[in-house]
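Report on the following structure.
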Amino acid sequence: MDGVSDFLLELRSEEIPARMQGKAREDLAKLFAGELAKAGLAAGEIVTYATPRRLALIARDLPDATQAVSEELKGPRMSAPPQALEGFLRKTGLSQDQLVDRDGVYFAVVDKPGRATAEVLAEAIPAIVRAFPWPKSMRWGAASASTESLRWVRPLQGIVALFGDDVIDCEVAGITSGATTVGHRFHHPGAITIGSAADYVEKLRACHVIVDQAERAGIIAMGATMLTANAGLTLIRDEGLLEENAGLTEWPVPLLGRFDPEFLSVPPEVIQLTARVNQKYFVCQDSAGKLANAFVCVANIDATDGGEKIVEGNRKVLAARLSDARFFYETDLKTKLEDSRPKLEKIVFHEKLGTVADKVDRVAKLARWLVEKGIVKSSLQGGEGDHAQHGGGGAPHSASLADSPLHQPAAGPPPRAGEDLATLADRAARLAKADLVTGMVGEFPELQGLMGGYYAAVQGEDPRVAAAIRDHYKPVGQGDAVPTDPVTVAVALADKLDSITQFFAVDLKPSGSKDPFALRRSALGVLAIILDNGLRFPLRSAVNGDVLDFFADRLKVQQREAGVRHDLIDAVFALGGEDDLVRLLARVHALQAFVASDNGRNLLAGYKRAANILKKEAFEQAENKPLSYTPEPAEEALRTALDSAEPRAKAAVAAEDFEGAMAALATLRTPIDAFFESVTVNDADPDKRAHRLGLLARMRDAVHGVADFSKIEG
């Protein structure tokens with residue numbers, strides 16, 4: 001294409017941390033586009049690359065020059081003080097006779113000639129380098145004595161800047177631009193001359209550098225998969241580790257190695273985490289789905305011996321790490337979790353909330369209470385007797401949560417011996433945090449809970465207790481498994497509810513984007529546990545208003561992806577007495593289906609019209625007062641419909657038949673439409689007016705028995 005060229009910028013440095021490379025590519029593209037925009041330029045496409053030693057950008061189809069433009073600047077009125085005019089003249093660099101008068105206002109017309117794009121690029125490169133927002137950066141060399149010296153993620157070593165075939169001359173902190181870079185540190189350490197953006201990628205490939213990070217990731221994924229398959233194994237995919245290895249290599253070569261099978265006595269999660277965190281290795285499964293004594297490492301060199309020495313070196317390093325892990329594991333097993341509990345008294349949970357031991361005691365009491373009150377039962381979500389306890393009305397509130405341990409002092413007696421569900425929940429809660437003081441969790445905090453579960457199982461605890469210890473943090477994020485075993489449900493729910501209510505009680509609630517104690521995540525976990533297990537939980541009695549509003553907001557977030565409208569959740573919450581989340585969502589789902597129907601839309605419109613009239617008109621509704629006039633047919637039809645619909649809807653709500661309640665309300669659609677079409681509500685006759693307003697009030701109240709329609713949008 002005539003008049004356009006591609007631009008190449010490579011910023012070469014010492015090793016860029018893998019975790020910073022993705023964001024660096026985004027920042028480079030953003031900064032470059034911003035500098036172009038200042039000059040009125042835009043590239044047809046911007047592509048960025050990152051390797052451990054270079055950050056690069058190719059901008060395609062840049063014009064050779066910017067367009068000449070005429071810019072108008074509005075100035076002061078002609079009647080403004082002289083100082084205003086003088087300031088405007090200084091800003092524009094013009095004289096008064098060069099200004100244009102338009103309806104008593106000065107305008108400056110500034111003609112900006114076109115500029116060579118090469119000039120724009122020469123100014124842009126230093127600006128980009130100096131403005132680059134590395135999360136961590138450094139100064140180096142003699143110049144580093146000055147705080148004005150250049151900062152970069154690692155010492156900057158070279159700049160390639162080519163527009164078409166021409167070098168863009170610029171200089172940054174003594175580093176001048178050119179057309180020369182280097183290839184792979186070992187395979188091709190010598191200088192390479194780049195001809196243009198068009199040959200950059202392939203010329204570096206010929207010198208053992210793959211600049212495209214996605215291509216490197218693909219090479220690693222494919223190579224590792226083939227290696228493990230040839231060995232009769234299956235690679236355990238890890239996208240984060242894949243991206244990290246792609247960021248650590250310029251010429252990735254996956255290699256398969258083996259470690260001593262004796263290390264398989266260590267829990268597989270420990271082996272995988274040791275290999276991943278310390279060595280950046282992938283691990284594998286055998287045909288039975290169990291962890292195999294194999295690993296895949298990624299070399300940055302195509303070794304002449306096929307990688308044998310590299311694999312052997314990595315095997316030795318991994319063996320040392322696994323020996324440490326086995327030592328931690330075996331040492332931890334020598335101390336029972338029960339005996340580790342006193343150490344929790346020395347760990348501060350939060351300065352305002354006491355120690356971890358204090359939290360454990362609160363959680364244990366609450367977990368036991370959840371079971372003893374029948375909120376968590378031995379069969380969950382549709383099990384025998386799941387709803388029977390609450391009767392047809394579904395209200396599980398035979399005991400108010402005002403007596404919940406959430407509202408009681410933390411102290412309590414130790415659990416009684418026995419195997420009942422409440423005792424198991426109490427036991428699991430009291431041991432759930434004990435692994436925080438173990439050597440393994442000290443080394444790998446990510447394994448808290450999991451290691452406690454392993455230790456509990458080996459030390460002879462009930463399997464349900466061990467499982468609850470293992471999983472009591474779940475769910476920890478979207479897509480994570482939700483506990484379903486009753487003991488685990490009790491402990492996981494108690495743990496999260498305790499954190500939320502306690503932090504709210506000392507006014508440490510989330511604010512804006514800040515949520516230092518992950519209370520939003522805990523609330524989503526509470527909601528998932530309650531809803532997935534069908535727990536009939538009187539939430540309003542358990543928490544105060546602020547916390548209930550917090551849960552309402554989290555419920556909207558959780559349900560948004562399921563396509564549930566937030567205004568309908570508000571409409572049900574606004575009733576004031578609905579705090580059973582299982583029942584609430586059933587009501588919301590029925591309401592959403594209803595308002596999407598013709599009957600629902602029309603009834604909503606009729607409700608809003610009635611509600612608006614009632615807001616404006618004051619009246620006294622007299623019960624059973626004889627009428628002083630003969631009602632019009634539409635009045636009588638609405639009264640008859642209400643006489644039928646009101647009790648039907650009320651009975652359906654009591655039976656948790658919300659579809660039936662909506663069906664009862666639907667019978668009001670035709671009579672309310674006819675009423676508004678043929679009846680004058682604000683009649684001059686006060687008796688007629690009062691009676692008709694009373695009918696509208698009955699209609700509004702009947703609807704409010706299901707949901708507050710005033711909260712529904714549309």
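Computed from heavy atoms alone, side chains included, the values below leave out hydrogens, waters and symmetry copies. All residue numbers in this chain count up from 1 along the given sequence.
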**Item:** Candidate pair E26 and K23, rule salt bridge (charged side-chain N to carboxylate O under 4.0 Å, His left out), full reasoning
**Value:** CA-CA 5 Å; E26 295 176 7; K23 180 65 164 51; 5.5 Å; no
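- Annotation: the span from L242 atom CG to K280 atom NZ amounts to 13.5 Å, rounded to 0.5 Å.
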**Working for side chain to side chain contact (heavy atoms under 4.5 Å, CB included), residues L337 and I469** = CA-CA 11 Å; L337 289 176; I469 295 170; 4.3 Å; yes
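- Under the 30°/60° scheme for interplanar angles, the aromatic rings of Y200 and Y49 are found to be tilted.
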**Request:** List the steps and the verdict of side chain to side chain donor-acceptor pair (under 3.5 Å) for T66 and R115.
**Result:** CA-CA 5 Å; T66 65; R115 295 179 65 198; over 6 Å; no
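- Between V153 and M138 there is no side-chain heavy-atom pair separated by less than 4.5 Å.
- Checked against side-chain hydrogen bond (donor to acceptor under 3.5 Å, both in side chains), Q478 has the following partners two or more places apart in sequence or in another chain: E561.
- Remark: W251 CH2 to R216 CZ distance equals 11.5 Å, nearest 0.5 Å.
- Within the 4.5 Å cutoff, side-chain heavy atoms of R341 are placed close to those of L431.
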**Request:** Start with the C-alpha distance between K309 and E312, add both sets of side-chain angles, then the distance that settles salt bridge (charged side-chain N to carboxylate O under 4.0 Å, His left out), and finish with yes or no.
**Result:** CA-CA 5 Å; K309 291 182 180 177; E312 178 59 20; over 6 Å; no
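- Salt bridge annotation for E15-R185: present, with a cationic side-chain nitrogen under 4.0 angstrom from a carboxylate oxygen.
- Residues K346 and K343 are not in side-chain contact: their nearest non-hydrogen atoms beyond the backbone lie 4.5 Å or more apart.
- Taking the centre of each ring, F32 and F7 come in below the 6.0 Å mark.
- At distances below 3.5 Å, not a single donor-acceptor pair connects side-chain atoms of E215 with backbone N or O atoms of D212.
- Side-chain N or O atoms of E171 include one that pairs as donor or acceptor with a backbone N or O of G174 at under 3.5 Å.
- Annotation: side chain of I16 is not in contact with side chain of T51 (no heavy-atom distance under 4.5 Å).
- With no hydrogens or angles considered, no side-chain donor-acceptor pair links S13 and Q157 at under 3.5 Å.
- Residues K474 and K496 have side chains not in contact (no heavy-atom distance under 4.5 Å, counting atoms from C-beta outward).
- Atom CZ of residue R53 and atom CZ of residue R154 lie 14.0 Å apart, to the nearest 0.5 angstrom.
- Residues Y281 and F259 place their aromatic rings such that the two centres sit no closer than 6.0 Å.
- In this structure, the side chain to side chain contact (heavy atoms under 4.5 Å, CB included) partners of T331, at least two apart in sequence or on a different chain, are F327.
- Under a 3.5 Å cut-off, the side chain of D495 and the backbone N or O of V491 do not form any donor-acceptor pair.
- T438 contributes no side-chain N or O that, together with a main-chain N or O of A434, makes up a donor-acceptor pair within less than 3.5 Å.
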**Item:** Stepwise side chain to side chain contact (heavy atoms under 4.5 Å, CB included) test for V129 and F132
**Value:** CA-CA 5 Å; V129 172; F132 211 88; over 6 Å; no
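- With hydrogens and angles disregarded, a donor-acceptor distance shorter than 3.5 Å links the side chain of T117 to the backbone of P63.
- Between N278 atom CG and R276 atom CZ the span is 11.5 Å, to the nearest 0.5 Å.
- The distance from atom CG of D169 to atom OG1 of T176, rounded to the nearest 0.5 Å, is 8.5 Å.
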**Asked** Are R19 and E243 close enough, and set up right, to give a salt bridge (charged side-chain N to carboxylate O under 4.0 Å, His left out), and what steps lead you there?
**Response** CA-CA 9 Å; R19 68 182 183 279; E243 182 179 347; over 6 Å; no
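- Between the side chains of T234 and Q285, not a single donor N or O lies within less than 3.5 Å of an accepting N or O.
- Judged purely by atom type and a 3.5 angstrom limit, D332 uses its side chain to pair as donor or acceptor with the backbone of M440.
- With ring centers used as reference points, F503 lies under 6.0 Å from H350.
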**Request:** Carefully, step by step, assess L36 and L121 under the rule side chain to side chain contact (heavy atoms under 4.5 Å, CB included).
**Result:** CA-CA 8 Å; L36 289 186; L121 295 171; 4.2 Å; yes
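- Remark: D515 does not engage R521 in a salt bridge, criterion side-chain N to carboxylate O under 4.0 Å.
- Under the 4.5 Å side-chain criterion, counting only non-hydrogen atoms from C-beta, R12 is not in contact with I159.
- One N or O on the side chain of Q21 and one on the backbone of G247 form a donor-acceptor pair closer than 3.5 Å.
- Counting only heavy atoms from C-beta outward, the side chains of R554 and L527 approach each other to under 4.5 Å.
- I236 places none of its side-chain heavy atoms less than 4.5 Å from the side chain of F282.
- Atoms CZ and CG, from R315 and N293 in turn, are 11.0 Å apart once rounded to the nearest 0.5 Å.
- Under a 3.5 Å cut-off, the side chain of H472 and the backbone N or O of T488 do not form any donor-acceptor pair.
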**Chi angles and distances behind the side chain to side chain contact (heavy atoms under 4.5 Å, CB included) call for R130, R151** = CA-CA 7 Å; R130 295 191 179 280; R151 298 183 66 95; over 6 Å; no
**Request:** Run the numbers on K290 and D286 for salt bridge (charged side-chain N to carboxylate O under 4.0 Å, His left out), then give the verdict.
**Result:** CA-CA 6 Å; K290 295 183 178 180; D286 61 21; over 6 Å; no
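- Centroid-to-centroid, the aromatic rings of Y329 and Y455 come within less than 6.0 Å.
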